*Asks:* 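Please see the structure below; I have some questions.
Every chain is numbered from 1 and lettered A, B, ... according to where its sequence line falls, protein lines coming before strand lines. It should be emphasised that the depicted structure is a prediction, and the values quoted were computed from it without experimental measurement.
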Number of protein chains: 2
Amino acid sequence: MSTDDFMIGDLRLPDPGQLEAYFALTEAVALLQHQVDQQLRAEGGISAVQFELLMTLNGSSTGLTMTQLADGVVYSRSGLTYQAGLLEKAGLVTRGPSPEDERATLVAITPKGREIVGRVLPGHIEVTRKLLYDAVDEADLNRLGRIMSQVRDHIRSEPPRSAGPRRRRRAAGI
Amino acid sequence: MSTDDFMIGDLRLPDPGQLEAYFALTEAVALLQHQVDQQLRAEGGISAVQFELLMTLNGSSTGLTMTQLADGVVYSRSGLTYQAGLLEKAGLVTRGPSPEDERATLVAITPKGREIVGRVLPGHIEVTRKLLYDAVDEADLNRLGRIMSQVRDHIRSEPPRSAGPRRRRRAAGI
DNA sequence: ATCAAGAGCTTCGAATTCGAAGCAAGAAGA
DNA sequence: TCTTCTTGCTTCGAATTCGAAGCTCTTGAT
């Protein structure tokens, strides 16, 4: 990383600029997600989590297994079971057995689900544009995408936590 | 989550690069925060939220009011009341009336609280360094800090559509 | 001074989360 | 085939979260 880290005893502290990156990152995302959630609830009666699930499913005509879905949105398995239940009850997705694997549950979006997505998407884009895209110029937006993709891939590829059992990727929320 | 091209009706969406910025941002932060939370619970028995609160308080010798604290960490007032109760019960903070305003509650960190912070801080830095700082070079890290600071300030300055005041206070952390 | 409006916290109820434990279906192997 | 291990998902209990409503103190206007 940087060659001029601050040292306090044995502790190698990141310099203030690096700290700023971390703080600004988490704070900005928290603010952003809150606003996004508000818009989705107001215009479509769904949470940000549910929207992400629907969007993920929207891109797959065959449907996805619960595990694929959970990994896609960075979410716990049990949390996904809960949300999938809500979405199914609301008629926005269907759940059925996979023909390939009796254990697996295939989740697919319904026409009604797509209708909801179509209803909230313009507002969603509007909010993200106002809060994120309007905050930075195009060059920075591209840099941001590149950098955060790098970070995401880096974290995804990290070796499993120290002493844990076999290779199994975790997924959990905020 | 990497996505295909979403196309709903004839709604024009931000180009793929812009979408990538948004998705990579939220996904990477979710992954990062989960790992941070795990480390803090393992080494200090506190959650990421509690750590942020302690770090914020750590920078203030006089203590902060509940509102200042909640704004600093981007958190609901009622949620903060709950967490402050836990921290007080654990002896990590004290709560007392403000001399200036009978209504206000001043929260201050205790020596025991500082001790916990000191215990978990090295590991916290280690985790963030491995997951975030090691993922990008120094120039990109500086760019990231600059861009996200811009975004944060932009969102903070947005008219909150109807809600109460948003105060600017540095969040916790490393 | 008194009343009304506002500010700061907490309480309350409902919703959401996660991890651990449990259950059922595949896979491996002897 | 018959264990035994693994995988995919759900259930369960406990913790956390938020917004709305409530309480107390402060401020502003009359």
*Asks:* Has B/H34 got a side-chain N or O lying under 4.0 Å from the OP1 or OP2 atom of C/dG19?
*Replies:*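 For C/dG19, OP1/OP2 do have a side-chain N/O of B/H34 under 4.0 Å.
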
*Asks:* Looking at the rings of B/H34 and A/Y75, which for Trp means the six-membered one, are their centres under 6.0 Å apart?
*Replies:*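 So the answer is no for these two rings.
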
*Asks:* Using a heavy-atom cut-off of 4.0 Å across all strands, would you classify B/S78 as base, sugar-phosphate, or nothing?
*Replies:*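 Base contact.
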
*Asks:* If I take atom CG in residue A/L40 and atom C1' in nucleotide D/dC18, what distance separates them, rounded to the nearest angstrom?
*Replies:*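 To the nearest whole Å, that distance equals 17 Å.
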
*Asks:* A/E100 CD to D/dC9 P: how many Å, rounded?
*Replies:*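 Taking CD of A/E100 and P of D/dC9, I get 12 Å after rounding.
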
*Asks:* Counting side-chain heavy atoms from CB outward, which of C/dG19, C/dG8, D/dT17 is closest to B/D101?
*Replies:*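 Closest nucleotide to the B/D101 side chain: C/dG8.
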
*Asks:* What's the CG-C1' distance between A/L53 and C/dT17, to the nearest Å?
*Replies:*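 A/L53 atom CG is separated from C/dT17 atom C1' by 14 Å.
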
*Asks:* Looking across every strand, which nucleic acid part, if any, lies under 4.0 Å from B/T81 by heavy atom: base, sugar-phosphate, or nothing?
*Replies:*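 Answer is base: heavy atoms of B/T81 come under 4.0 Å of a base.
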
*Asks:* Between the side chains of B/E20 and A/R152, is the shortest nitrogen-to-carboxylate-oxygen separation below 4.0 Å, so that they form an ion pair?
*Replies:*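 Salt bridge flag = yes for B/E20 with A/R152.
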
*Asks:* Can you check the A/R77 CZ to C/dA21 P distance for me, whole Å?
*Replies:*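 One finds 18 Å between P of C/dA21 and CZ of A/R77, rounded.
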
*Asks:* Which label fits B/F51 and B/H124: parallel for a plane angle under 30°, tilted from 30 to 60°, or perpendicular past 60°?
*Replies:*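 B/F51 vs B/H124 ring planes: tilted.
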
*Asks:* Is there a side-chain polar atom (N or O) of A/R41 under 4.0 Å from OP1 or OP2 of D/dC18?
*Replies:*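 For D/dC18, neither OP1 nor OP2 has a side-chain N or O of A/R41 closer than 4.0 Å.
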
*Asks:* Rounded to the nearest angstrom, tell me the gap between atom CD in B/E88 and atom P in C/dC9.
*Replies:*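 So the two atoms are 14 Å apart, to the nearest Å.
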
*Asks:* Ignoring backbone atoms, test whether A/Q83 places a side-chain nitrogen or oxygen under 4.0 Å from the OP1 or OP2 oxygen of C/dT17.
*Replies:*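 Yes, within the criterion.
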
*Asks:* Whole-Å distance between D/dT17 P and A/D37 CG?
*Replies:*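 After rounding, the gap between these two atoms is 15 Å.
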
*Asks:* So which atom in B/V74 and which in A/A30 form the shortest heavy-atom distance, rounded to 0.1 Å?
*Replies:*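 Where B/V74 meets A/A30 most closely, the heavy atoms are CG1-CB, 3.9 Å.
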
*Asks:* Taking CG from A/L87 and P from C/dT16, how many angstroms apart are they, rounded to a whole number?
*Replies:*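 Those two atoms, CG and P, are 10 Å apart.
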
*Asks:* With a 4.0 Å limit, can you tell me whether A/S47 has a side-chain N or O closer than that to the phosphate oxygens OP1/OP2 of C/dA15?
*Replies:*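 For C/dA15, neither OP1 nor OP2 has a side-chain N or O of A/S47 closer than 4.0 Å.
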
*Asks:* Quick one: closest heavy-atom pair of B/D134 and B/K130, and the distance?
*Replies:*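 Closest heavy-atom pair between B/D134 and B/K130: CB-O, 3.5 Å.
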
*Asks:* Rounded to the Å, how far apart are B/E52 CD and D/dT16 P?
*Replies:*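 Taking CD of B/E52 and P of D/dT16, I get 16 Å after rounding.
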
*Asks:* Start at the 5' end of DNA chain C and walk down; is the nucleotide closest to B/R103 or to B/R95 reached first?
*Replies:*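 The residue closer to the strand's 5' end, by nearest nucleotide, is B/R103.
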
*Asks:* Heavy-atom nearest nucleotide on DNA chain C for A/Y82 versus B/L106: which residue maps closer to 5'?
*Replies:*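 Nearest nucleotide further toward 5': that of B/L106.
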
*Asks:* Describe the nucleic acid contact of B/L86 in one word from base, sugar-phosphate, nothing, applying a heavy-atom distance below 4.0 Å.
*Replies:*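 Here B/L86 touches the backbone only, sparing every base.
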
